[in-house]
Visitor: 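What follows is a single structure, and I will ask about it in a moment.
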Amino acid sequence: ELHLDIVDKNLKWLDETMVEIKKHLLPDSEELKLLQEFEPLYAKYATDTLKPTMTALRSGDFSTAVVARFLKENGEFEAKMNPLMRSVAEAQEKAVKASYEEGKARNERFIWISMLTLAFGLISGLLIATFTIRSITGPLGEMQSLITHTANNKDFTGSIQVRSMDEVGTTAHAFNGLLRTLQDSLNELRQNIVQVDDASTMLAQAATQAAQAASETSESSSSMAASVEELSVSVTSVSDHTREALQLANTAGEYSESGG
């Protein structure tokens with residue numbers, strides 16, 4: 001009886017196992033087709049051979065007929081099952097091999113994808129590093145060229161293109177502001193120089209006019225001095241003639257008083 005209970009448990013376990021196996025097989029897999037062929041054979045074997053034999057044994061029938069019938073039908077079942085089991089084994093072997101090949105191919109694809117990802121990461125890193133370096137060295141080189149040009153040519157009209165507002169961009173912006181301040185200072189200085197030049201020109205013209213006026217005044221003074229000198233000579237001459245006339249008058253008066 002104990003052995004028969006074990007057989008019952010094995011039959012139930014086999015039924016549950018086939019149900020679980022069917023859940024995990026693909027619909028078009030060869031294993032599922034073989035399992036579908038196995039199910040009716042197993043069901044017929046269990047119904048027609050195992051269960052009647054177990055019923056007979058439980059009832060105490062250990063006759064030769066029962067044993068002979070079980071051995072015969074079990075042999076027939078094994079004859080049908082052995083090729084089917086070999087097919088299942090071969091199908092499982094093929095499935096394992098296919099799974100291995102698929103896993104190997106998947107692994108190779110993963111390796112290629114990893115290598116491509118790594119290469120892409122390296123190239124991207126190099127491009128980003130190159131762009132970052134150029135974004136720093138480019139404005140600095142442009143700034144250096146502009147400073148050299150400004151120092152050599154005294155040209156303060158240039159400017160640096162500000163591409164970003166990072167440290168380099170802020171420095172470029174400040175340098176542009178410095179150049180604009182220098183331009184404004186130079187323009188203001190140029191205007192002051194022009195104003196001073198205009199004032200100097202006006203002062204030179206005024207000095208020239210003053211010199212001309214002084215020259216004219218000097219000529220007038222010279223003419224006046226000559227006229228005064230001539231007038232002085234005339235007055236002296238008149239004075240001399242007057243003194244002579246006075247002497248003559250005095251003499252005449254003396255003669256008239258003396259009667260001579």
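Note that the coordinates shown come from a computational prediction; the quantities given were computed from them, not determined experimentally. Values reported hereafter were calculated over all heavy atoms of this structure, with side chains retained and with hydrogens, waters and symmetry mates removed. For this chain, numbers begin at 1 and follow the sequence in order.
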Visitor: Rounded to the nearest 0.5 Å, how far apart are CG of L116 and CD1 of I111?
Guide: 12.0 Å

Visitor: Before accepting this row, confirm whether a basic side-chain N of the pair E20/K23 lies closer than 4.0 Å to the acidic partner's carboxylate O.
Guide: yes

Visitor: Given side-chain contact (heavy atoms from CB on, under 4.5 Å), test S63 with V66 step by step and report yes or no.
Guide: CA-CA 5 Å; S63 62; V66 172; 3.3 Å; yes

Visitor: Group every Ile, Leu, Val, Met, Phe, Trp and Tyr by side-chain heavy-atom contacts under 4.5 Å, then state whether I147 and L178 land in the same group.
Guide: yes

Visitor: For the residue pair S87 and E37, establish whether any side-chain heavy-atom pair is separated by less than 4.5 Å.
Guide: no

Visitor: May I have the step-by-step check of salt bridge (charged side-chain N to carboxylate O under 4.0 Å, His left out) for E90 and R86, ending in yes or no?
Guide: CA-CA 6 Å; E90 293 174 357; R86 283 194 297 270; 6.0 Å; no

Visitor: To the nearest 0.5 angstrom, please state how far the CD1 atom of I128 sits from the CD1 atom of I123.
Guide: 12.0 Å

Visitor: Just verifying a value: how many Å separate Y100 OH and E93 CD, rounded to the nearest 0.5 Å?
Guide: 14.0 Å

Visitor: What heavy-atom pair brings T49 and E73 nearest, and what distance separates the two atoms?
Guide: OG1-OE1, 2.6 Å

Visitor: Within the 3.5 Å criterion, strictly below it, is a donor on N187 or Q191 matched to an acceptor on the partner's side chain?
Guide: no

Visitor: Should we count CZ of F62 as having more than 12 external heavy atoms under 6.0 Å?
Guide: yes

Visitor: Would a distance-only check, ignoring hydrogens and angles, find a side-chain to backbone donor-acceptor pair under 3.5 Å from N74 to F70?
Guide: no

Visitor: Hey, what do you get for OG1 (T53) to CZ (R58), rounding to the nearest 0.5 Å?
Guide: 11.5 Å

Visitor: Are more than 12 heavy atoms from other residues, nucleotides or ligands located less than 6.0 Å from atom CD of E188?
Guide: no

Visitor: Let me confirm one number: the CG-OH distance from L50 to Y42, rounded to the nearest 0.5 Å.
Guide: 7.0 Å

Visitor: Are more than 12 heavy atoms, taken from residues, nucleotides or ligands other than E101, located less than 6.0 Å from that residue's CD atom?
Guide: yes

Visitor: Grab the two heavy atoms, one from P52 and one from T47, that are nearest each other, plus how far apart they are.
Guide: CD-O, 3.1 Å

Visitor: State, without any angle test, whether S59 and D61 hold a side-chain donor-acceptor pair at a distance under 3.5 Å.
Guide: no

Visitor: Apply salt bridge (charged side-chain N to carboxylate O under 4.0 Å, His left out) to K80 and E76, showing your working.
Guide: CA-CA 6 Å; K80 295 179 180 178; E76 293 175 354; 5.9 Å; no

Visitor: Return the NZ to CG distance between K104 and N107, rounded to the nearest 0.5 Å.
Guide: 9.5 Å

Visitor: For F77 and Y45, take the angle between the two ring planes, folded into 0 to 90°, and tell me which bin it lands in: parallel under 30, tilted 30 to 60, perpendicular over 60.
Guide: parallel

